[in-house]
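Read through the structure below, which is laid out as structure tokens, and then see the notes.
Residue numbering restarts at 1 for every chain, and letters A, B, ... go by the order of the sequence lines.
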Number of protein chains: 2
Amino acid sequence: MLPTPPPRRRRKDARPGEILAAALALFGERGFSATRLDDVAARAGVSKGTVYLYYPTKEDLFRAVLRQGLIPNLEAMEVELATHQGSTAELLGLIGRRLLALMDTNLTVIPKLVLAEAGNFPALAQFYADEVVKRAMALLAGILRRGMDRGELRTIDPQDAIPSIMAPFLMMALWKHSLGQHTNLALDPEAVVAAHLQVLLHGLEKRP
Amino acid sequence: MLPTPPPRRRRKDARPGEILAAALALFGERGFSATRLDDVAARAGVSKGTVYLYYPTKEDLFRAVLRQGLIPNLEAMEVELATHQGSTAELLGLIGRRLLALMDTNLTVIPKLVLAEAGNFPALAQFYADEVVKRAMALLAGILRRGMDRGELRTIDPQDAIPSIMAPFLMMALWKHSLGQHTNLALDPEAVVAAHLQVLLHGLEKRP
DNA sequence: ATTTAATGACTGACCGGTCAGTATTCAAGG
DNA sequence: CCTTGAATACTGACCGGTCAGTCATTAAAT
């Protein structure tokens with residue numbers, strides 16, 4: 001006798017989110033081309049037909065995954081930093097804490113996915129460049145400019161300095177979903193962020 | 001009348017390199033799954049059968065592409081830095097110049113490829129973690145430790161400080177092959193490296 | 001009874017891999 | 001030099017498995 005199949009449930013409202021979460025995880029692990037829609041469906045606890053009920057094609061599913069990703073977080077940081085009154089050092093510390101919190105989240109796969117698929121999805125690359133990267137850069141540039149105006153920071157071109165500030169966070173997110181999975185070589189996010197803030201604020205060189 | 005096909009040439013010694021170069025370019029643009037062997041063959045000026053003459057499977061071709069990539073450059077830097085006698089600041093400047101030179105090379109696709117395919121090729125991820133990343137980190141950690149011993153650098157855990165130093169270079173390489181292709185938002189490598197060295201050595205903060 | 005969320009067997013295009021056949025090279029024999 | 005033919009680099013039509021996308025059917029909900 002065959003095992004009784006679990007009862008079919010109709011949950012129109014919950015499906016899209018579950019499918020998106022399953023898709024984010026699998027696209028993140030394997031990339032777009034290598035993930036099969038059957039696997040996304042299985043992980044979402046649903047059949048393939050159901051996926052097609054909510055997303056017309058695999059590409060649409062992919063776009064949906066990436067579009068709803070980082071923007072809410074970015075917006076939250078924008079308002080928080082806009083209203084914050086502390087010193088630039090405090091502001092950088094705040095950014096560090098916020099991004100550190102994101103590190104415990106599966107949103108960290110998104111940068112890897114965007115990087116990997118930019119060639120196959122130019123429109124998505126453009127979307128991310130404009131709606132995420134440019135906005136984040138503008139946010140940081142504003143902070144740096146204000147710091148210089150206040151006399152807290154040495155003068156430096158904000159555009160050129162942004163990678164020095166942001167790249168380690170990006171690197172940790174990428175690490176978590178690539179080499180970090182397959183080696184004992186560990187990056188401790190807390191320690192890295194602490195060291196990074198120290199370097200940013202004081203530099204490596206010992207004062208004379 | 002049909003156009004005369006170009007003459008077939010037998011060039012056993014030149015093929016592997018040409019195929020590898022074509023494969024590196026296409027894997028870099030599209031990722032492993034999304035690149036078709038027919039396209040690799042076409043770009044190498046060869047038929048699909050010829051590719052299989054030199055590489056038994058698509059995966060073997062992929063591994064060959066990634067294994068012959070960055071190690072020679074890393075080794076060159078290792079000996080150069082081991083014999084260098086200058087200050088830590090000079091050493092960091094040298095690293096900056098070396099990596100800046102690599103930026104004009106198509107070797108910059110390799111990090112993106114390794115990141116994107118780490119989930120599908122765990123053995124390759126391990127290889128890169130051990131043979132490239134660990135070695136590069138050991139190299140940098142050594143430089144930092146020597147700088148601290150000499151009293152040139154403030155004390156800081158070398159492991160934790162490495163992302164602050166390396167990540168911007170990685171970020172520029174990734175940028176070049178992802179968002180950089182699809183947006184006017186430009187990163188000027190020379191300016192970024194110059195700003196980065198300034199930040200590393202002196203920090204962002206103005207001296208009191 | 002009607003509506004519609006959900007299923008999963010099915011289809012067909014696509015692409016990794018094969019191999020019988022073709023073209024080039026080169027050396028030995030005339 | 002000019003054949004001849006053995007060795008082999010190279011080709012591309014073909015095969016078979018895989019997987020995105022479809023749709024007739026089932027069953028939950030109201």
Worksheet item: Under the salt bridge (Lys or Arg N to Asp or Glu O under 4.0 Å) criterion, do A:E29 and A:R43 qualify, and how do the steps go?
Response: CA-CA 13 Å; A:E29 282 169 25; A:R43 185 187 273 231; 3.3 Å; yes

May I have the distance from [X] (atom [atom1]) to [N] (atom [atom2]), rounded to whole angstrom?
X     : N      : atom1 : atom2 : answer
A:I19 : C:dA6  : CD1   : P     : 8 Å
A:Y52 : D:dA24 : OH    : P     : 18 Å
B:Y55 : D:dC10 : OH    : P     : 12 Å
A:Y54 : D:dG21 : OH    : C1'   : 18 Å
A:R9  : C:dT4  : CZ    : P     : 21 Å
A:D38 : D:dA20 : CG    : P     : 7 Å
B:E18 : D:dC10 : CD    : C1'   : 13 Å
A:L37 : D:dT22 : CG    : P     : 11 Å

Practice prompt. Answer yes or no for A:R67 and A:F127: cation-pi contact, defined as NZ/CZ to six-membered ring centre under 6.0 Å and angle to ring axis within 45°.
Written response: yes

Sort me out a list of protein N/O and nucleotides 25-27 of chain D N/O pairs below 3.5 Å, or just none if empty.
from, atom 1, to, atom 2, distance (Å)
D:dT26, O2, A:R8, NH1, 2.5

Practice prompt. Tell me whether the OP1 or OP2 atom of C:dA6 has a side-chain N or O from A:R15 closer than 4.0 Å.
Written response: yes

Fill in: Whether over 12 other heavy atoms sit under 6.0 Å from B:E75 CD
yes

Discussion item. For A:Q181, I'd like to know if atom CD has over 12 heavy atoms of other residues, nucleotides or ligands within 6.0 Å.
Written reply: yes

Item to complete: Can you label the angle between the B:H196 ring and the B:F169 ring as parallel, tilted or perpendicular, going by 30° and 60°?
Response: perpendicular

Side-chain donor-acceptor pairs of residues 93-102 of chain B under 3.5 Å, sequence neighbours excluded:
from, atom 1, to, atom 2, distance (Å)
B:R98, NE, B:E80, OE1, 2.7
B:R98, NH2, B:E80, OE1, 3.2
B:R98, NH2, B:E80, OE2, 3.0

Check nucleotides 13-15 of chain D against the protein and report each pair of N or O atoms closer than 3.5 Å, with its distance, or say if there are none.
none

Practice prompt. Check every atom of D:dA9, C:dA6, D:dT11 against the side chain of A:T50 and return the nucleotide holding the closest atom.
Written response: C:dA6

Item to complete: For A:K176 and A:N106, test the side chains for any donor-to-acceptor distance below 3.5 angstrom and give the result as yes or no.
Response: no

Worksheet item: Considering only heavy atoms from C-beta outward, does the side chain of A:L153 approach that of A:L144 to under 4.5 Å?
Response: yes

Worksheet item: Got B:L174 and B:T108 here, is their nearest side-chain heavy-atom distance under 4.5 Å?
Response: no

Discussion item. Using a heavy-atom cut-off of 4.0 Å across all strands, would you classify B:T35 as base, sugar-phosphate, or nothing?
Written reply: sugar-phosphate

